[in-house]
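Reviewing the structure listed below.
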Amino acid sequence: MLGRIVARLGVQAAAAGVAAALLLAAPAFGADSSKVLRYAFPASETGFDPARVSDIYSNTINEAIFDRLLTYDYLARPAKLVPMAAEAMPEVTENGKVYTFRIRKGIYFTPDPAFKGTKRELVAQDFVYSFMRFVDPKIRSPYGFLVEGKIEGLDAVADLAKKTGKFDYDAKVRGLEVVDRYTLRFRLTKNDYNFPYITSQLPSYAVAREVIEAYGDESIAHPVGTGPYTLKSWSRRAKIVLEANPDYRGFTWDFQASADAWDEALVAQMRGKKMPQIGRVEITIIEEDQSRWLAFNQKELDMLNLPATFRPQVFESDKALKPEWQEKGVSVYRGIDPDITYAYFNFRDPLTGGFGREKLALRRAMIMAYNLDEEIRVIRKNQAVAVEMPIPAGVVGHDPNYRSINGYDPELANKLLDYFNYKRGKDGYRTLPDGKPLVIKYASGSAAVDREFNELWKKSMDAIGIQMDFQVMTFADRLKAAKACQLMVSGFAWSADYPDGDNFMQLLYGPNSGQSNNGCYESKAFDAFYEKSTRIPDSPERNRLFLEMTRQMEVDGAWSLHVSRERNQLLWPWVQGFKKHPVLQAEFVYMDIAPRR
């Protein structure tokens with residue numbers, strides 16, 4: 001059984017001699033400083049300390065600066081784990097409870113004053129330190145849930161720190177064993193078939209203790225890693241500039257094409273190149289769709305994930321590019337991202353929270369009244385597909401035959417509210433069953449598309465007599481408030497950190513409240529299903545548990561589940577090597593820029 005599971009993960013013993021593209025060191029530095037890639041984030045970053053941040057934009061930068069033990073093959077579909085800082089895939093023993101990694105020699109951190117003139121090599125102890133930071137109470141890592149209760153002895157160190165106020169990074173942790181300078185052994189509290197995914201995740205990047213201690217809380221502005229890029233400059237919430245790391249070990253682009261027709265031309269463009277090729281990456285924060293669209297048209301951006309608003313200006317009715325775009329040499333990469341969008345209800349809020357029958361009725365009525373079809377047709381211009389369960393297509397555990405019990409039905413939603421005594425007043429809006437005012441506060445962004453979503457929410461809720469008040473906030477402020485369980489209702493999105501249903505179901509797991517569980521949903525029934533699922537490998541039994549969890553969160557009205565987004569990535573002809581990866585975000589590490597025409 002274990003052999004079948006680890007084969008699915010791509011986990012093999014070191015003796016198997018895994019031949020992965022990232023193991024092939026390039027003989028010379030390949031980046032060209034004249035090659036500049038320019039693109040935009042639609043929302044602002046928060047910082048660049050892997051243990052402290054959780055947003056996709058910050059972690060896109062972190063992905064290019066830091067190394068982790070494992071990463072993903074760029075072209076393999078479904079996503080396949082391959083070595084990164086590790087020499088090979090881990091040695092797996094004791095039925096998935098012990099994982100032993102051997103780290104490549106000769107990987108060095110970018111020079112920094114914190115090293116006091118010493119050339120600093122990456123060693124096993126750096127990963128021990130990085131994993132310990134997950135549970136340091138002072139850091140309050142949003143990804144602490146990844147290791148809590150999983151690594152032998154680590155929770156005890158965290159518990160002691162909570163009592164003493166000081167985390168002991170020199171403590172010996174049985175589950176984080178430095179066998180020798182380049183060998184690291186993880187001992188888990190129980191078998192975990194997804195643990196290799198955790199070692200590939202963004203927060204498990206290796207940081208140097210000297211750097212973190214030198215910069216303290218300002219470590220978010222001083223990322224020092226061993227990866228292909230360094231942070232050249234950062235204007236917060238405005239512009240981020242990366243430069244290729246001249247000390248990076250490099251690799252040769254030698255990925256194998258998958259069955260995707262897109263791959264053939266991509267391989268022809270890139271095979272054999274020394275990576276990275278792009279010398280400078282300039283990322284501008286442009287929140288408005290209109291502004292990003294204009295910047296791409298004026299060739300100020302080299303690539304653009306097409307905002308739905310402008311889809312009719314680019315595509316014919318048959319989804320082919322219009323002739324004027326073909327004449328310009330623009331190409332488009334199309335696919336459904338393995339992500340979900342949803343609105344969550346705060347279960348700690350006195351108005352939307354709780355498990356009383358009248359509270360369940362309120363949440364489910366709101367879910368059934370939301371016109372998802374209009375969102376897809378009008379706002380997203382059919383650039384999305386509805387999702388029926390929290391696990392999207394392309395992720396292990398997704399069931400294409402599952403159908404939600406909370407489908408669009410405003411008539412039933414009204415009857416539900418009537419039954420539980422949410423009475424309409426003279427103004428047409430309902431009150432709580434006790435007669436007190438009922439006003440739903442929805443936290444949203446300030447961009448034009450956010451205003452469209454707010455209008456749809458208002459229209460949908462007006463149909464069932466629920467008054468809404470919209471609180472406009474920046475993305476960073478909204479994320480911070482969500483982690484503190486302070487927002488009544490808000491929209492969110494989640495992209496796969498690893499291609500397994502566990503990565504999505506953990507968003508609803510009670511102990512993750514204040515970390516990844518933004519709605520602070522704490523259901524004993526759901527948690528019991530989730531905990532059981534973590535103890536068994538990929539199997540029909542585990543898939544059944546995913547369905548049980550889905551049904552439970554629907555009955556409780558935890559989320560208004562919406563869409564997986566279609567990606568239409570527009571590329572000017574000088575952009576080479578792009579393919580959206582289901583997990584990786586910094587695709588520019590694998591790309592090139594030809595001379596602009």
Phe41 side, atom CZ; Phe475 side, atom CZ - distance, nearest 0.5 Å: 11.0 Å
Euclidean distance, Arg478 CZ relative to Ser490 OG, rounded to 0.5 Å: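 It comes to 4.5 Å.
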Atom NZ of Lys190: over 12 foreign heavy atoms under 6.0 Å: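 Counting other residues, nucleotides and ligands, NZ of Lys190 exceeds 12 neighbours.
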Greater than 12 external heavy atoms within 6.0 Å of Arg140's CZ: no
Short side-chain donor-acceptor distance under 3.5 Å, [Y] and [X]:
X	Y	answer
Arg68	Ser200	no
Tyr509	Glu531	yes
Asn406	Glu554	no
Asp67	Thr226	yes
Asp556	Tyr521	yes

Stacked cation flag Arg542 on Tyr193, 6.0 angstrom / 45 deg: no
Test: Arg363 cationic atom under 6.0 Å from Phe347 six-membered ring centre, within 45° of axis: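 Arg363 over Phe347 ring: yes.
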Aromatic contact, Phe186 with Phe195 (centres under 6.0 Å): yes
Phe529/Phe526 aromatic ring centres below 6.0 Å: no
For Tyr197 against Asp500, the heavy-atom pair lying closest together: CE1-CB, 4.1 Å
Residues that Asp49 engages under salt bridge (Lys or Arg N to Asp or Glu O under 4.0 Å), provided they are two or more places apart: Arg52, Arg133
Close side-chain approach of [X] to [Y], heavy-atom, < 4.5 Å:
X	Y	answer
Thr341	Arg565	yes
Lys579	Met270	no
Tyr99	Thr199	no

Using distance only, find each side-chain donor-acceptor pair of residues 383-399 under 3.5 Å and give its atom names and separation, not counting sequence neighbours.
| unit_1 | atom_1 | unit_2 | atom_2 | d |
| --- | --- | --- | --- | --- |
| Gln383 | OE1 | Arg311 | NH1 | 3.4 |
| Gln383 | OE1 | Asn568 | ND2 | 3.1 |
| Gln383 | NE2 | Leu306 | O | 2.6 |
| Glu388 | OE1 | Ser404 | N | 2.9 |
| His398 | ND1 | Ile391 | O | 2.8 |
| Asp399 | OD1 | Asn401 | N | 2.9 |

Any donor-acceptor pair under 3.5 Å from Trp262 side chain to Arg334 backbone: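 Not at all, since once roles are kept as given, no pair shorter than 3.5 Å links the two residues.
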Presence of salt bridge, Asp337 and Arg567, under 4.0 angstrom: yes
